Amino acid sequence: MSVPCRYAARSCARSFRSGHFKVATPFLQNTSSTQRRHNSTEATPINPKIAGIVDQISQLTLLETADLVSSLKSRLNIPDLPVGGFAAAAPAAAPAAAEEADEPAPAAQEKTLFTLKLTAFDTAAKAKVIKEVKNLLGLSLVDSKKFVESAPKTMKESVPKEEAEKIIATMKELGATVVMD
C-alpha cells in the first residue's frame with residue numbers, strides 16, 4: 001500500500017474509533033435489536049428433561065446415533081422417504097415406465113454392487129476378526145468389538161463385486177463367515 005493510502009486508512013480508523021464518524025444507515029445504528037435476535041435462544045428457558053436428552057444424544061457415537069434414528073423411525077412409524085429432488089422426480093418417471101412396459105423386457109442385468117453381511121465368526125479367531133473389521137470399517141476398537149459380537153450384521157453396502165470378493169476371502173482366512181447379497 002502506498003503512503004497516502006495508509007494515511008487515509010489510519011485516519012478513517014481513528015475517526016471511527018473516536019466516535020466522530022456517524023453511521024448513516026439506521027440498520028447499522030440499531031445493533032441492540034440485532035444482538036437480541038442472535039441471543040434469542042439463550043433467553044428461552046430450557047426444559048431440564050429435554051436438556052438431559054440433548055446431552056445424552058450428543059455423547060452418542062455415529063453407530064449409536066444411526067441405531068437411535070432407525071429405532072425412532074420404527075417406533076413412530078416414519079417411512080424412509082427420498083431426500084431432495086428425488087421425491088419430485090418420481091411422479092415424472094411414472095409415464096416413462098408405462099412407455100417401457102410396452103417393449104419386451106431386456107435380459108436380467110448382472111448385479112454390480114453388493115451388500116456384505118457378517119454372519120458368524122470363529123471364537124478362536126475373534127481378535128483377528130475384530131482387528132480386520134476395525135481396518136475395513138474405520139471403527140474404534142470398542143465399536144469393532146461390539147460390531148463383531150452383534151453378528152449377523154451388515155458390514156458394507158454398495159460394494160463392487162471385486163472388492164466384495166476380496167473382503168470375503170480375507171474374512172474367510174481369519175475365520176469369519178461373510179455373505180454377499
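Keep in mind that the numbers below use all heavy atoms, side chains included, and drop hydrogens, waters and symmetry copies. Predicted model, so just to flag it, every value in this text is computed and none were measured. Position 1 is the first residue of the sequence; numbering continues from there.
Of all heavy-atom pairs between A164 and L116, the closest is CB-CD2, 3.8 Å. When every heavy atom of K156 is checked against every heavy atom of V159, the shortest pair comes out as CB-CG2, 3.4 Å. Here the closest heavy-atom approach between residue L118 and residue A176 is recorded as CD1-CB, 3.8 Å. Heavy-atom minimum distance, F121 versus V148: CE2-O, 3.1 Å. Considering all non-hydrogen atoms of both residues, L139 and F147 come closest at CD1-CB, 4.3 Å.
Separation of atoms OG1 (T170) and CG (L174) is listed at 7.0 Å; rounding is to 0.5 Å. Rounding to the nearest 0.5 Å gives a distance of 6.5 Å between CG of D143 and CD of E64. Remark: Q59 CD to T61 OG1 distance equals 11.5 Å, nearest 0.5 Å. I78 CD1 to L72 CG: the interatomic distance, rounded to the nearest 0.5 Å, is 7.0 Å. Expressed to the nearest 0.5 Å, how far NZ of K146 lies from OG of S140 amounts to 8.0 Å.
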Practice problem: Show the numbers, then the answer: is there a side chain to side chain contact (heavy atoms under 4.5 Å, CB included) between M180 and I168? | Solution: CA-CA 8 Å; M180 182 168 53; I168 289 173; 3.6 Å; yes
Quiz item: Please walk me through it: do D55 and S58 pass side chain to side chain donor-acceptor pair (under 3.5 Å)?
Solution: CA-CA 5 Å; D55 289 339; S58 65; 4.7 Å; no
Practice problem: Would you sort out whether E132 and M171 count as a side chain to side chain contact (heavy atoms under 4.5 Å, CB included), showing the intermediate values? | Solution: CA-CA 8 Å; E132 188 62 29; M171 296 299 282; 3.5 Å; yes
Quiz prompt | Residues L136, I167; criterion side chain to side chain contact (heavy atoms under 4.5 Å, CB included); working and verdict | solution = CA-CA 9 Å; L136 284 173; I167 292 172; 3.8 Å; yes
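Listed for the T119 side chain is a donor-acceptor partner under 3.5 Å among the backbone atoms of T177. Not one N or O on the side chain of K134 forms a donor-acceptor pair closer than 3.5 Å with the backbone of K145.
Residues L63 and L137 share a single hydrophobic cluster, defined by chaining ILVMFWY side chains whose heavy atoms lie under 4.5 Å apart. When the side chains of ILVMFWY residues are joined at heavy-atom separations under 4.5 Å, either directly or via intervening members, L68 and V54 end up in two distinct hydrophobic clusters.
The number of heavy-atom neighbours closer than 6.0 Å to NZ of K172, taken from other residues, nucleotides and ligands shown, is 12 or below. No more than 12 heavy atoms of other residues, nucleotides or ligands lie within 6.0 Å of CG in L62, so this atom counts as exposed by the packing criterion.
The side-chain heavy atoms of M155 and V178, taken from C-beta on, include a pair separated by under 4.5 Å. In this structure, L60 and Q56 have side chains that are not in contact, with every pair of non-hydrogen atoms separated by 4.5 Å or more. The shortest side-chain heavy-atom distance between T154 and T115 falls under the 4.5 Å cut-off.
Between the side chains of D67 and S70, no donor-acceptor pair of N or O atoms lies under 3.5 Å.
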